[in-house]
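Within every chain, numbering begins at 1; the chains are lettered A, B, ... in the order of the sequence lines, protein sequences first and strands thereafter.
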There are 2 protein chains.
Amino acid sequence: MMPSTDRSLPIALLRARERVMGPIRALLSGAGLTEQQWRVLRVVQESGPIDPTQIADKACLLLPSLTRILQKLEEKQLISRERDQQDRRRQVVQISAAGEKIIADNLEASLELMERTRRKMGAERYEALLDLLNELDQIDLAE
Amino acid sequence: MMPSTDRSLPIALLRARERVMGPIRALLSGAGLTEQQWRVLRVVQESGPIDPTQIADKACLLLPSLTRILQKLEEKQLISRERDQQDRRRQVVQISAAGEKIIADNLEASLELMERTRRKMGAERYEALLDLLNELDQIDLAE
DNA sequence: ACATTTTGCTAAACATGTTAAGTAATTCAG
DNA sequence: CTGAATTACTTAACATGTTTAGCAAAATGT
């Protein structure tokens, strides 16, 4: 049944996200990671050495949240951090071998979950949805 | 500039939601309400007397979050609660006069913000996006 | 060079998200 | 009719979201 709030864009975005993330969360909890920790780990792995501000941008996190997440990931020894020598306000974050292993152990299953969603929805509609979402993200800025 | 994570559906959903909610949050903070408190208040106002389980469903909240939010709204005297006489596990939640006033004071501006988004995106694409999001919410269930 | 502003991050406080456990009222099986 | 599920919340614990404030390093203006 469709809830009566289904024509509210904010709630539709929320519901859709819950639907997509549910299975992914279940997968990651087996690896002892939250959804956000996983997102950060993937960004660091894909980009190589990178500073927190850029991680926050790519992973869509606010810096205060990211600060705590990086502390957790460092405790778990999945990443390492050092000060940037050129600009000592900055840090350089790198993934560790253990971090790489967690990615290797879970990436395929995670991609398969998204691929399944794409198949069930139909590739065309899935791409159309991504395009509309990106468009929405770009539009609102002016006025 | 488009972030490199823009073809990831979970992150695209997150970014789109942030874009839409930013201005609404700004509006509501003027009324001393969070986005979730506002959502609950609107559901209660629209539906009339209603129990927490249904509120959670309509507002897309988990019950533990809702429990705390209802406590806050009750402290602020924007809602009232009583036990259901037929089934004493249940509660019946109602909006108060003060709650109605907050809605009256902010509903128009809130709707205008969404209408602006709709105009900027184009009504057709906006509706197409809502349809795709609702479709995504319905699909994943089986298999 | 020096005071001011800006940048990059951290800390703190409060609210919510998420999962697991707990409680009381109701329903259900036998 | 009674003990075992089930239902409708609530509590607790930990992680993140959000805003505001703080701090140190770097850039900027004069």
Next on the checklist: Using the side-chain hydrogen bond (donor to acceptor under 3.5 Å, both in side chains) definition, which of the options R19(B), R15(B), R17(B) pairs with D137(A)?
Outcome noted: R19(B)

Checklist outcome for this item: Rounded to whole Å, CZ of R68(A) lies from P of dA13(C) at a distance of 13 Å

Checklist entry - Quick one: which of dG8(C), dT26(C), dA11(C) gets closest to the side chain of R90(A)? => result dG8(C)

Checklist entry - How about L130(A) and E127(A): do any of their side-chain heavy atoms sit closer than 4.5 Å? => result yes

Next on the checklist: Tell me if the side-chain of R25(A) makes a donor-acceptor pair with the base of dG17(C), cut-off 3.5 Å, by modelled atom types.
Outcome noted: no

Next on the checklist: Categorize R17(A) for me: base, sugar-phosphate, or nothing, with a 4.0 angstrom heavy-atom threshold over every strand shown.
Outcome noted: nothing

Item to check | Value in whole Å for how far the C1' atom of dA25(C) lies from CG of D51(B) | outcome: 15 Å

Checklist entry - Counting any heavy atom closer than 4.0 Å, what does T67(B) reach on the DNA or RNA strands: base, sugar-phosphate only, or nothing? => result base

Checklist entry - Base, sugar-phosphate, or nothing for Q54(B), non-hydrogen atoms under 4.0 angstrom? => result nothing

Item to check | Separation of atom CG in L70(A) from atom C1' in dG8(C), rounded to whole Å | outcome: 13 Å

Checklist entry - Going by heavy atoms closer than 4.0 Å, what residues in residues 27-38 of chain A are next to DNA chain C? => result none

Next on the checklist: What is the distance, to the nearest angstrom, from the CG atom on D57(A) to the P atom on dC9(C)?
Outcome noted: 12 Å

Next on the checklist: I need the CG-C1' distance between L61(A) and dG17(C), as an integer number of Å.
Outcome noted: 14 Å

Item to check | Interatomic distance, D84(B) CG vs dT26(C) C1' [rounded to whole Å] | outcome: 12 Å

Output one line per pair: protein atom, nucleotide atom from nucleotides 1-5 of chain C, and distance, for all N/O pairs under 3.5 Å.
none

Next on the checklist: With a strict under 4.0 Å distance from non-hydrogen atoms of chain A, what nucleotide opens and what nucleotide closes the contacted stretch of DNA chain D, reading 5' to 3'?
Outcome noted: dA15(D) to dA26(D)

Next on the checklist: Once you apply a heavy-atom cut-off of 4.0 Å, does R81(A) come out as touching a base, just sugar-phosphate, or nothing?
Outcome noted: sugar-phosphate

Checklist entry - Closer than 4.0 Å, any side-chain N/O of S65(B) to the OP1 or OP2 of dG17(C)? => result yes

Checklist entry - Atom CG of L14(B) to atom C1' of dG17(C): distance rounded to whole Å? => result 13 Å

Next on the checklist: Heavy atoms only, 4.0 Å cut-off, all strands: where does L66(A) land among base, sugar-phosphate and nothing?
Outcome noted: nothing

Checklist entry - Whole Å only: how far is the CG atom of D87(A) from the C1' atom of dT6(C)? => result 12 Å

